[in-house]
Enquirer: 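The structure's right below; bear with me while I get my questions together.
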Amino acid sequence: MINGAHVVIYSRDAEEDRAFFRDVLGWPHVDAGRGWLVFKAPPAEVALHPADGEPWHELMLMCDDLDVTMAELTAKGVEFTRPVVEARWGRLTGFRLPGGGEIGLYEPLHPVALGL
């Protein structure tokens with residue numbers, strides 16, 4: 001039986017990105033050996049959307065209030081890379097990881113599966 005998901009983020013600077021998840025986001029973690037941190041992610045959901053071209057995937061972290069979360073992260077030096085998009089299904093932006101990657105930040109405005 002599947003009991004979880006393991007998300008891998010490839011980075012140009014994995015050490016800095018690990019420090020970001022540990023120190024800025026404050027996610028609990030274990031050391032899998034030699035400083036290789038594995039983080040406990042918040043509850044997750046998976047959605048399947050149609051693709052116009054080749055299939056792809058995206059990582060978006062969810063929050064209850066996008067404005068409050070953005071203010072908290074900005075105060076910690078986080079750089080937002082996209083303007084907030086207001087859609088009927090939610091509010092979305094993105095922020096830069098120290099290793100150069102980008103992660104979406106999303107306030108859903110639709111029912112979520114997290115409490116199921």
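Along the sequence shown, residues are numbered consecutively beginning with 1.
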Enquirer: Leu92 and Tyr106: which non-hydrogen atoms are nearest, and at how many Å?
Expert: CD1-CB, 4.0 Å
Enquirer: Could you grab the distance from atom OG1 of Thr74 to atom CD of Glu79, nearest 0.5 Å is fine?
Expert: 10.0 Å
Enquirer: Shortest non-hydrogen contact from Glu86 to Val84?
Expert: OE2-CG1, 3.7 Å
Enquirer: Less than 4.0 angstrom from a charged side-chain N to a carboxylate O is my criterion; do Arg91 and Asp67 meet it?
Expert: yes
Enquirer: Taking the six-membered ring of Trp27, is the NZ or CZ of Arg18 close enough (under 6.0 Å from the centre) and on axis enough (within 45°)?
Expert: no
Enquirer: Are more than 12 heavy atoms from other residues, nucleotides or ligands located less than 6.0 Å from atom CZ of Arg82?
Expert: yes
Enquirer: List the steps, then state whether side-chain contact (heavy atoms from CB on, under 4.5 Å) holds for Arg22 with His29.
Expert: CA-CA 7 Å; Arg22 182 191 63 220; His29 58 277; 3.4 Å; yes
Enquirer: Could you check if a side-chain atom of Leu37 sits within less than 4.5 angstrom of a side-chain atom of Phe21, using non-hydrogen atoms only?
Expert: no
Enquirer: Which pair of non-hydrogen atoms, one from Arg88 and one from Leu109, has the smallest distance, and what is that distance?
Expert: O-CB, 4.0 Å
Enquirer: Please determine whether residues Val46 and Met60 belong to a single hydrophobic cluster, defined as Ile, Leu, Val, Met, Phe, Trp and Tyr linked transitively by side-chain heavy-atom distances below 4.5 Å.
Expert: no
Enquirer: Assess whether atom NE2 of His110 is packed by more than 12 heavy atoms of other residues, nucleotides or ligands within 6.0 Å.
Expert: yes
Enquirer: For Asp64, is the CG atom crowded, meaning more than 12 foreign heavy atoms sit under 6.0 Å from it?
Expert: no
Enquirer: Do Phe20 and Val78 have side chains that approach each other closer than 4.5 Å (heavy atoms only, starting at C-beta)?
Expert: yes
Enquirer: Compare all side-chain heavy atoms of Ile103 with those of Ile9 and state whether any distance is below 4.5 angstrom.
Expert: yes
Enquirer: With a 4.5 Å heavy-atom cut-off, do Ser11 and Leu97 have their side chains touching?
Expert: no
Enquirer: Hey, what's the ring geometry for Phe80 with Phe95, parallel, tilted or perpendicular (30° and 60° as the breaks)?
Expert: perpendicular
Enquirer: Could you see if Val24 belongs to whatever hydrophobic cluster contains Val68? Use Ile, Leu, Val, Met, Phe, Trp, Tyr and a side-chain cutoff under 4.5 Å.
Expert: no
Enquirer: Would you mind reporting whether Leu114 and Glu45 have side-chain heavy atoms less than 4.5 Å apart?
Expert: yes
Enquirer: Measuring from atom NE2 of His57 to atom CG of Leu48, what distance do you get when rounded to the nearest 0.5 angstrom?
Expert: 13.0 Å
Enquirer: Is there side-chain contact between Pro108 and Met62, with heavy atoms separated by less than 4.5 Å?
Expert: yes
Enquirer: Just wondering, do Asp13 and Pro98 contact through their side chains at under 4.5 Å, heavy atoms?
Expert: no
Enquirer: Return the CD to CG distance between Glu72 and Asp65, rounded to the nearest 0.5 Å.
Expert: 9.0 Å
Enquirer: Looking at Glu54 and Trp56, what are the two nearest heavy atoms and their distance?
Expert: O-CD1, 3.4 Å
Enquirer: If hydrophobic clusters are built by linking Ile, Leu, Val, Met, Phe, Trp and Tyr wherever their side-chain heavy atoms come under 4.5 Å apart, do Val30 and Trp36 end up in the same one?
Expert: yes
Enquirer: Any link between Val38 and Leu61 through a network of hydrophobic side chains (Ile, Leu, Val, Met, Phe, Trp, Tyr) touching at under 4.5 Å?
Expert: no
Enquirer: For the side chain of Thr81 and the backbone of Gly94, is there at least one donor-acceptor N/O pair under 3.5 Å apart?
Expert: yes
Enquirer: Does a side-chain heavy-atom distance below 4.5 Å link Thr69 with Leu105?
Expert: yes
